[in-house]
Amino acid sequence: MVEVSFIMISAFFSFFLGIGSYIMYPICRQDTIIAMLFGVIITYPFFRIAKYVIKKNKYEDIFELNKNIKGIGIFLNILLFIGLFVISLFLLYNISDFLNIEYFSESSVQFTKFLILIPLWYVLSKDLKTILKMNQVMAIVCVGILFIDFIGIAHKIDLSNAQPVMATDIKDFSKALLYLAGLNGAGVLMCALVGRKSISDNGSKIDKILNLFYIIANIMQIVIIASVILTQGINYVLLFRFPEYIALKQFSFLNMAERLENVLALQFYFNSISILSFLLHYIVKLLPKSNKIKIYPIFVLLVMYFLTCFIFKDTSYFTLYIQKYIVLLCYITIILPFFIDYIILHKKVNKNS
Amino acid sequence: MKKYIFALLVVVVMFNAFDNLKEITNLAIVSVLGLDVDEEGNYIATVEIIAGDKENNKKTILEKATGNSIQEAIRNIIDKTPQRLYLAHLETLIVSEDIAKSGIDNIVDFFIRDNDASNNFYLFVSKEKTAGKVIEKISEQEVSMLEMLKSSEKYRGNANTKTLSQCIQQILKVGSDICVNSCGINEDEIYIGEMAYFKEWKMQGYMSKDESIMYNILDKNVVSPILKTGEKENLIIVEIVTNDVKFGLKDNKVNIDINMEVNISEVGKAISLESKEKVREVENILENEVKDRVEDFVRKYQIERGVQILGFENLYYRKKKEYPQNVEFNTNVDISIANQGGVVNIW
Amino acid sequence: MNKIVEDIKERAKNSSDVFFREVAYKDKRVYLILSDAMVNTEVVSNFVVRSINEILRNTQTDKELDLKSKIEKRLNGDNINFENEIAISKIKKIDISKEDIFKYIFSGFVVIVYEQEVYIVEAKQNNSRSIMEPSTDSSVRGSRDSFVENIMQNLALIRNRIKNEKLLYKEQEIGRRTKTKCAIMYIEDIAKPELVNFIEEKLNGIDIDGILDVNYLQEFIEKENDSSFPVTITTQRPDLVSYYLLEGRVIILVNNSPYALVLPAFFDDFINSVDDLYQKSKNVTITRIIRYISMLLTILVPALYLSLITFDQETIPTKLLISISSQRESVPFPAVVEATMMMLAFEILKESDMRANNISGNTLSIVGALILGEAAVSAGIVSPIMIIVVAITTISGMLFSDINVINAFRRWRIIFMIFASLCGLVGMGIATVIFVASLVSTYSTYLPFTYPVAPLDITESMKNLFTRIRIPKDKTRQKILTNNLTKGR
């Protein structure tokens, strides 16, 4: 059970940096910190749905559960498939854009996508247990690097950057909270993709472990936002595309280790690869198999590469699509099927008892 | 067999990264950069390059070039040296007065977007006519501006070490402005001069020496500058040990609270420090002196010239209040003598 | 002559060390067949031949027997009962049509043929060396005896330490022509039955010409996953083996090999050593942290150097960058070529040090290091910083004693260097992902290789990963290895 909960941490990180935070900074400005604190409470219903589905799902994964529901089961599977596929397209473009801007400024974006696809192709040839274990190791490494980051940046925190407090009006604030709930809810529900049959555990401590990891993941998000906004001031943050990397440029430990942002920013890369390998594993598993054509993971990766070349021709397209479409996509294609599953499972339990 | 073909294809694809490969011997490491504008509006860039020769000695090279924009001016230096300029280890940027007066936002755009420079260098305004002259002197005498700046901040108090990104952050905040160090040449030697004060992106003028020290005391809470009051027999010279300045809003007025601890360096013959009351007297003299100076400073810059170098408008903005037309302020100073230097009474 | 003996003579006519002897008394003939190289001639002369003579002459004459024995003798005939009377401790009667007689002849047994009955008697000579200090494992404070090539002596060393009847020793013979004795040992109520069944199935399915060393068995057991790290521990120390037996692992011993094989193996067994149990637990924490840091250093340092020099020079402090730049002015090669040359040269040095015998070994390595260090720098082929990088790598690599582990680290070092020279720091990130994925997917006999870290188990990792729990407080065994959790029972 522990290795499934580490997926929550990876999903919270990689959905947020570059996509989620980029939506929230222009709306809430310096109240983003308070919005994150409210976000813990707003995402709680989705967390309850995820816990219930994990406990009652006795098949291998959520797709088999849907196949056994009469009527709308296939429809739910199609929705989930589209959601996972489009989210992995967004994540792929996001991380390759990050690498292109900060590390390889003289090559094109099409090349940096390959740097993501190469380790993905190797990891996808292994089975689910390996992917979960690798995700666990990478998440522990990223939490460690985050701790080191915070020690190095903490001396520049200036609390006056958070004032004026609550200067945004209520309509904008609640809109931002809904966006945050959508993205974080999708992150939490990633855990519920795995069913009880794939986890070798007696399941006696599911509640405690999931609660603990939910709190840890939210605390980590709050720490990142605090160290980005409080050290720099919101007007400076709004100038950049990846303000978390710019915040790392101020890292200085004992006046000695400076300019380490290139090494420390690899944590974004590790997170994105872990969560992408998890999503793509299920996408490859869901595709219909036939005896004549065997679907290798390399085909799916190449299809994703060409799709991102055509859909996102430029960074400005990408930011436009993020701000308009991605939260709606999360609500319709991920949260809705899980909600329907929750209702159906609830009815079944009530019928049986 | 399939595995090896795939591995070969992978390696071949990754050769694309060689566009970004920079061999160390092809890099010219720049430590000081200077920018000027000439009459036609072209930029002149002057750089000081550090290189090491075989016995590990440092030597510096000076280059200069012109161009239509900053990027072009820096690129044109390649006509003179074969190596590519590498700005990641830049320490100081010296700007001429013309550029500072017409607004430094033209320059800042280049540095924020540039990928090499990481914006943790220091900004200077040159008091000479061009920045090029100062840089020629620097490379002739091989001084390190960084060391001079740091010791100047620590012991004299008329400079501050704010990097370029911190300056930009402060300008971008609502209602606050910056002050920038300056440097000049005096009888063949480089010196760090008074601070230049800005309003938004444009430079307005220079402060005097004492006012620079006062600004640094109020803004950055520096320690160890020296205060002096009185003359001859009433002389008191103290050295600041700890310094705590707080700005607050009370009844719609700005409240400045200063708490200092000082050490006595020299006293004149008429001052005696034998008993507690006499020490208290000396403290009162010092407190009145500091209060007068602070009020003069604030009145001159904040109110008459409207330059928000102490950030009063930012204070009102943070508490969500309107910035009034005539700002009023109170000053409370509290000085305590920590240490008399081990001597109880000498006169 | 006896037909059996004729048959054996015909089959062994080209081996001149098979020796035939006939002991006769009146009309009874007893034939002895033995191999000169394997038997202890003193035992044969003193005990076998003499006691056969006594038995033959001991058939008493009619006068000395009483009536009952006389009747018995008439009825039963004049049979000689070797099995009860011969003066050797081990004797067995075998059926020659079912068994391979030459296996016994070449194992040091004496074959006694009397009419149609065939007996074998053990009279083996001890040909192996005596117990000495271990040659590859080193121990700071523990005991210094090591295994030898004789399986019975190895068993004696283990039984000396664990005197429990539940410590089982199951022997079988593997290899068609070598007929090597291989044995499994485990403690019956601690080890998991699934593990023992798994290993026994694998061993029963082996059909091969010959087993020469314990590594042959290692390859049969780890056939499924091809990872570069070893999944079994080979050791020469009996106290290490006893520690693992008490934890619930399974040992495999092979005749003629001084190494014992321990299954299952986890990743931190290769880095921690049992000597830690013989030192104070607080100081051991720092030693373990140093070992993990040196493992990271030996894999990452050349790749880190390459990526910092060619792609991301801004991470290096300014003064160091100027000094490196002035050193590299005089070197004609790019950084990648120089690094490859130096690593290759050091690997050649290490390999030649291992192959050379003691006379020329030490001098060659000193000369090699001197030449590479001083002369290459002053000739202008390499820069001094490269020598330091290679020195750090090699010194950190010497902390590990198992040759498989050193080779695995070398393979990953090369992969990291390739990726770092192509893409810089991002290349190191790619190689890290591939390294972690490969480590995490290895299984050591169906148990995960990276046990306390990858399927995370906090209580277990507190016990033995960095900090060592104190021995009086250590009351439970590991859940993954055994079902019998409480110690002292």
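Within every chain, numbering begins at 1; the chains are lettered A, B, ... in the order of the sequence lines, protein sequences first and strands thereafter. Everything numeric in this text was worked out from a predicted model, so none of it was measured. Basis for what follows: all heavy atoms, side chains included, without hydrogens, waters or symmetry-related copies.
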Reported OG1-to-CZ distance for the pair C/T310 and B/F18, which is rounded to 0.5 angstrom: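 CZ of B/F18 is found 8.5 Å from OG1 of C/T310.
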
From B/I24 atom CD1 to C/E329 atom CD, the distance as rounded to the nearest 0.5 Å: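 Taking CD1 in B/I24 and CD in C/E329, the distance rounds to 10.5 Å.
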
More than 12 heavy atoms of other residues, nucleotides or ligands under 6.0 Å from OH of C/Y446: is that the case?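 Yes, the 6.0 Å shell around OH holds more than 12 heavy atoms from other groups.
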
Please check if atom CD in B/E72 has more than 12 non-hydrogen atoms from other residues, nucleotides or ligands closer than 6.0 Å.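 For B/E72, atom CD is crowded (more than 12 foreign heavy atoms under 6.0 Å).
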
Let me know if B/I29 has heavy atoms under 4.5 Å from chain C in its side chain, its backbone, both or neither.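 The side chain, not the backbone.
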
Donor-acceptor under 3.5 Å (B/H89 side chain, C/I316 main chain):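 Yes, the answer is positive, given that a donor and an acceptor are paired below the 3.5 Å cut-off.
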
Who in residues 414-428 of chain C is close to chain B, using a strict under-4.5 Å heavy-atom cut-off?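 If one takes a 4.5 Å heavy-atom cut-off, the residues of residues 414-428 of chain C near chain B are C/F419, C/S421, C/L422, C/C423.
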
Grab the two heavy atoms, one from C/S325 and one from B/T25, that are nearest each other, plus how far apart they are.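 It is O-CG2, 4.5 Å.
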
Between B/E23 and C/P334, which heavy-atom pair has the shortest distance, and what is it?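 Minimum heavy-atom separation between B/E23 and C/P334: OE2-CB, 3.7 Å.
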
Side-chain heavy-atom pair B/L27, C/Q313 within 4.5 angstrom cut-off: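 SC-SC contact between B/L27 and C/Q313 confirmed.
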
